[in-house]
Enquirer: 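Have a look at the structure that comes next, please.
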Amino acid sequence: MTDRTADRPALRHFGAGSGGAKPPRDVAAAMKRGFAARCPACGRGPLFAGYLAVRDHCPDCGEALFHHRADDAPPYFTITLVGHIIVPAVLAVEVAFQPAIWIHMALWIPLTILLSLAFLRPIKGGIIGYQWALYMHGFDPEAGDEEPVPLPGAAIIEEASRR
C-alpha cells in the first residue's frame with residue numbers, strides 16, 4: 001500500500017495557506033452581513049450595485065468583492081427553498097379546499113415568482129459572505145491574483161472578432 005498524499009498539491013482552503021495561519025473569520029457574521037446585502041468584511045458598505053450585480057470593492061472599507069464565485073449556487077438554493085415552501089402549501093390547499101386549477105395557477109405562480117425574487121439576493125449575499133469568511137477564491141490575500149478562466153469557445157470568438 002502506497003501513500004498517495006505526497007503526490008497531491010497542498011490544499012488552499014479554510015484558511016490553510018502556505019504563509020502561516022490566517023486570522024479566522026467569523027463565518028456566521030459574514031453570512032449574516034451578506035444576507036443583509038452588506039459587505040462581509042465590515043458590514044457597513046453595500047454589497048450589491050444592482051439587484052444581483054456585486055460591487056467590485058466595498059465603498060466603506062475597500063475590500064475587493066469581485067473575486068466571488070457564487071455562480072449557480074444562489075438559484076439552486078433559492079429553488080430548493082421556494083420548493084419546500086410552495087409544494088406543501090399547494091398540497092395543503094388542494095386537500096383542504098379542492099379549488100379549481102385556475103385558482104391554483106392564479107395563486108401559486110405569482111407567489112412562486114415573488115418568493116424566488118425575494119430570496120435570490122439574500123442567498124447570493126450569504127454565499128459571498130461564506131466565501132469571504134473561508135478565504136475562498138480570490139478572497140485569500142496570500143494567494144495572489146487569480147487568472148480568469150477562459151470560456152471553452154473564447155478562442156473561436158476572439159478570432160472571429162478580429163476578422
Side-chain angles (χ1 to χ4, degrees), residues 11-15 24-141 143 145-158 160-161:
L11 297 177
R12 297 187 53 87
H13 64 282
F14 300 107
R25 294 175 174 168
D26 187 355
V27 176
M31 289 182 71
K32 285 180 189 175
R33 292 174 189 152
F35 283 129
R38 295 304 200 194
C39 170
C42 68
R44 294 182 306 270
L47 180 61
F48 296 102
Y51 176 64
L52 289 176
V54 178
R55 293 181 180 275
D56 287 339
H57 293 81
C58 173
D60 213 53
C61 70
E63 178 73 30
L65 300 170
F66 63 90
H67 301 294
H68 79 88
R69 296 290 181 263
D71 300 331
D72 292 337
Y76 174 79
F77 290 126
T78 300
I79 290 167
T80 302
L81 181 62
V82 170
H84 278 82
I85 293 170
I86 294 293
V87 171
V90 169
L91 292 174
V93 168
E94 177 62 29
V95 169
F97 305 109
Q98 298 177 349
I101 192 71
W102 70 268
I103 294 175
H104 277 299
M105 291 176 58
L107 181 63
W108 303 117
I109 291 174
L111 189 57
T112 301
I113 292 168
L114 290 174
L115 285 176
S116 297
L117 292 174
F119 286 136
L120 186 58
R121 187 175 183 192
I123 289 173
K124 183 173 182 175
I127 290 170
I128 293 169
Y130 181 77
Q131 291 175 354
W132 176 85
L134 296 181
Y135 294 94
M136 294 171 73
H137 309 298
F139 291 119
D140 183 357
D145 292 334
E146 289 185 355
E147 291 292 322
V149 178
L151 296 173
I156 297 169
I157 295 170
E158 184 178 323
S161 65

Enquirer: With no hydrogens and no angle check, is any side-chain donor or acceptor of Arg33 less than 3.5 Å from a backbone partner on Gly129?
Expert: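 Not at all, since once roles are kept as given, no pair shorter than 3.5 Å links the two residues.
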Enquirer: Do Phe139 and His68 come close enough that some side-chain heavy atom pair is under 4.5 Å?
Expert: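 Yes, side chains in contact.
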Enquirer: On the six-membered ring of Phe48, is Arg55 placed so that its NZ or CZ lies under 6.0 angstrom from the centre and within 45° of the ring axis?
Expert: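 Geometry flag: not set, cation outside 6.0 Å or 45°.
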Enquirer: Which value, rounded to the nearest 0.5 Å, describes the distance between Thr78 atom OG1 and Leu117 atom CG?
Expert: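 That separation rounds to 9.5 Å.
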Enquirer: Could you tell me if the side chain of Leu111 sits less than 4.5 Å from the side chain of Ile86, heavy atoms only?
Expert: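 Heavy-atom side-chain distance check passes, below 4.5 Å.
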Enquirer: Could you note down all residue pairs passing side chain to side chain donor-acceptor pair (under 3.5 Å) where residues 92-103 supplies at least one of them, sequence neighbours left out?
Expert: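 Passing the test, one end in residues 92-103: Glu94-His104.
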Enquirer: Taking only residues two or more places apart in sequence or in another chain, which ones pass salt bridge (Lys or Arg N to Asp or Glu O under 4.0 Å) with Asp60?
Expert: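 In terms of salt bridge (Lys or Arg N to Asp or Glu O under 4.0 Å), with neighbours along the sequence ignored, Asp60 is linked to Arg44.
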Enquirer: Hey, are the side chains of Leu107 and Pro99 touching, using non-hydrogen atoms and a 4.5 Å cut-off?
Expert: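 Side-chain contact under 4.5 Å: no.
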Enquirer: Is the shortest heavy-atom distance from the side chain of Trp132 to the side chain of Asp140 under 4.5 Å?
Expert: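 With C-beta onward as the side chain, the pair stays apart.
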Enquirer: For Arg121 and Phe119, indicate whether the former's side chain and the latter's backbone hold a donor-acceptor pair under 3.5 Å.
Expert: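 Flag not set: sc Arg121 to bb Phe119 has no pair under 3.5 Å.
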Enquirer: Compare every heavy atom of Ala70 with every heavy atom of Ile128, then report the nearest pair and how far apart it is.
Expert: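 Here Ile128 and Ala70 meet closest at CG1-CB, 4.4 Å.
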Enquirer: Are the side chains of Lys124 and Leu52 in touch, meaning some heavy atoms are under 4.5 Å apart?
Expert: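 Yes - at least one pair of side-chain heavy atoms lies under 4.5 Å apart.
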Enquirer: Under the criterion side-chain contact (heavy atoms from CB on, under 4.5 Å), I'd like the reasoning laid out for Leu115 against Ile85: C-alpha separation, chi angles, the key distance, then a yes or no.
Expert: CA-CA 9 Å; Leu115 285 176; Ile85 293 170; 3.9 Å; yes
Enquirer: Please name the pair of heavy atoms, one in Leu47 and one in Gly125, separated by the smallest distance, quoted to 0.1 Å.
Expert: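 Nearest heavy atoms, Leu47 then Gly125: CD2-CA, 3.6 Å.
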Enquirer: Less than 4.5 Å apart, side chain to side chain, heavy atoms only: is that true for Pro46 and Arg38?
Expert: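 Yes, close enough: below the 4.5 Å cut-off.
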Enquirer: Specify the closest pair of heavy atoms between Gly45 and Cys58, including all atoms of both residues, with the distance to one decimal.
Expert: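 So the two residues come closest at CA-SG, 3.7 Å.
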Enquirer: For residues 73-99, which residue pairs pass the ring pair (Phe, Tyr, Trp, His ring centres under 6.0 Å) check, not counting sequence neighbours?
Expert: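 Sorted pair list comes back empty.
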Enquirer: Can we call the ring centroids of His57 and Phe66 under 6.0 Å apart?
Expert: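 Centroid distance His57-Phe66: below 6.0 Å, so yes.
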Enquirer: To the nearest 0.5 angstrom, please state how far the CG atom of Asp26 sits from the NZ atom of Lys32.
Expert: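 It comes to 8.0 Å.
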Enquirer: Report yes if the side chains of Val93 and Trp108 come closer than 4.5 Å at any heavy-atom pair, otherwise no.
Expert: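 A side-chain contact exists here, since the closest heavy-atom pair is under 4.5 Å.
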